[in-house]
*Asks:* 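Dropping the structure in here first, questions after.
Residue numbers run from 1 in the order of the sequence given. What you see is a predicted model, and the numbers here were worked out from it, not measured in a lab.
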Amino acid sequence: MIGKFIQSGLIKEVVYSCVILSTYLLNGVNRSYLAFLFHQLDSPGSSIAVNDEQKSWIAAFINLLSPLGCFIVGIMMDTFGRKISVQVIFIPFIISWLMIAFAKNVSMFYAATLIQSISVGMSYGTSIYVSEISTADHRGALLGTIEILFNLGILLCNLLMYYLKWSTVSLIFTVVSAATLLMTLILPESPTWLYLKGRKEEAIDTLTAIRCQDRDSIKTEIDDMENYMSSHVKTKLTQTIKNFLRSWRQFFIVLTMFILQQNTGYAILTMFIIMIVDRLHIPYRSTDVALLYSVTCSIAGFITPYVMYKFNRKPTLAISAIGMSVCAAVVPIYQHFFESYDEKPFSWIIPVALCLYVISCSIGVLPVGFTIAGELFPNEVRGVMNGVQGAIAYFYCSLLYKISPWYLTAFGASGVMWTFSGFSMLTALFSVFILPETKGKTLNEVQEKYFKKKR
């Protein structure tokens, strides 16, 4: 069985995907890092003092320049290739973690998170590479590793921050970022990009090496690339703009999915979980609940590739979103009924609901949101469209993170969780009525079935 696994080439798809998507491990780290960072900076012995307004700016800066990163990676991917584009992602990560490690004031946190936000934005393009080196059957499961790596980043960060000082943890992730950059040297260039650039023989040789098969065995994939190329001329800037405008439906679907995904609250809860739990007034340490939450994230993440491989996108997303909506609603309902109690009974319901919430998110809302970005856009403008869409989405995230502390103060933890519940239900409706089904279809088949005008 192991021999068949290696011979099939799947092991290469898995290794390459894990290396390239390790950027999401670092994204998971910077999302959860702030929760414990703020907690440590609030302690009496902290050398740097921050207030709620400064916290909101630090949180907002983690995405503020992400649009710039999206534009950079979009242009680089279509111009210079997928491989070098993802290698560049790790450079701002290394610089920013070093700056945080030696920060002496709040301004250095501002600068470091701004630099880090560039890498966060550029990371959005890595799903393109995975989509182009994987088969239609494996693509969903491989993109599902985004969830595993993102959640492992959250868990790794929370474990380290639970026991170590923030500056020490920053140095550790400087080393991790540099080591991962070196690992990207083993990656091949995307066969699809090579084919689009007219380097057909090199593209075919690369594809046969990835699949560990001869040309005859991958003839279907070669024919699919050739058929696609024969129906498209080489694109100039004006043609790229026309192709972009023609793909407005794909753009609308992916952007709407990303905004809904953020409004369901997963990223906000991860970043501000300690602040939110503190306001629930349950008899548990907020740091312990945050650690339990991150452990649950990581365990749930390992279920994601199986779910994405086994089940269709639409029902998976709908069930996941409904589960999130119910679990998020449990928190304010519990608070409403037991608010007047000095010692609240069944207080374990709150952490259990939060854990079930993140499990529900992990099986659909989070991975499907990342997956369709690599599946819906047409080949000739996939890099540019991902860059533009990601830029808008990350700017929106920056706004969300900026207002989250204010929203929490104004409406309380119950108001925050009701908001998450409502948007989760909207996401379920989006899945049922708007989202195309892409499971098991090649990238070309997705375009032909859903977005090409019928003659």
*Asks:* Can you run down the salt bridge (Lys or Arg N to Asp or Glu O under 4.0 Å) pairs that involve residues 268-277, sequence neighbours left out, and say none if there aren't any?
*Replies:*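 Counting only pairs at least two positions apart or across chains, no salt bridge (Lys or Arg N to Asp or Glu O under 4.0 Å) contact touches residues 268-277.
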*Asks:* Enumerate the residue pairs fulfilling side-chain hydrogen bond (donor to acceptor under 3.5 Å, both in side chains) with a member in residues 314-331, sequence neighbours excluded, ordered by first and then second residue.
*Replies:* Ser325-Ser421
*Asks:* Is the shortest side-chain N to carboxylate O distance from Arg82 to Glu189 below 4.0 Å?
*Replies:* no
*Asks:* Residues in side chain to side chain contact (heavy atoms under 4.5 Å, CB included) with Ser360, at least two apart?
*Replies:*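 Met324, Cys327.
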*Asks:* Could you tell me which residues satisfy side chain to side chain donor-acceptor pair (under 3.5 Å) with Gln87, sequence neighbours excluded, listed by chain and number?
*Replies:*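 With neighbours one apart ignored, the set is Thr184.
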*Asks:* Mind checking what makes side chain to side chain donor-acceptor pair (under 3.5 Å) contact with Ser362, not counting sequence neighbours?
*Replies:*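 By the side chain to side chain donor-acceptor pair (under 3.5 Å) rule, Ser362 matches Glu147.
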*Asks:* Under the salt bridge (charged side-chain N to carboxylate O under 4.0 Å, His left out) rule, collect the residues that match up with Lys83, sequence neighbours excluded.
*Replies:* none
*Asks:* What pairs with Leu399 under side chain to side chain contact (heavy atoms under 4.5 Å, CB included), at least two apart in sequence or on another chain?
*Replies:*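 For Leu399, the residues satisfying side chain to side chain contact (heavy atoms under 4.5 Å, CB included) (neighbours in sequence not counted) are Ile403.
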*Asks:* For Tyr334, what residues pass the side chain to side chain donor-acceptor pair (under 3.5 Å) criterion, not counting sequence neighbours?
*Replies:* none
*Asks:* Would you list the atom pairs, donor with acceptor, under 3.5 Å between side chains in residues 21-30 and any protein atom, with sequence neighbours excluded?
*Replies:*
unit_1 : atom_1 : unit_2 : atom_2 : d
Ser22  : OG     : Val19  : O      : 2.6
Tyr24  : OH     : Ser123 : O      : 3.2
Asn30  : ND2    : Gln116 : OE1    : 3.4

*Asks:* Partners of Phe61 by ring pair (Phe, Tyr, Trp, His ring centres under 6.0 Å), sequence neighbours excluded?
*Replies:* Trp57, Tyr110
*Asks:* Could you pull out all residues at least two apart from Arg199 that satisfy salt bridge (charged side-chain N to carboxylate O under 4.0 Å, His left out)?
*Replies:*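 Result, salt bridge (charged side-chain N to carboxylate O under 4.0 Å, His left out) vs Arg199: Glu202.
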*Asks:* Kindly write out the residues that satisfy side chain to side chain donor-acceptor pair (under 3.5 Å) with Ser85, not counting sequence neighbours, or none if the list is empty.
*Replies:* none
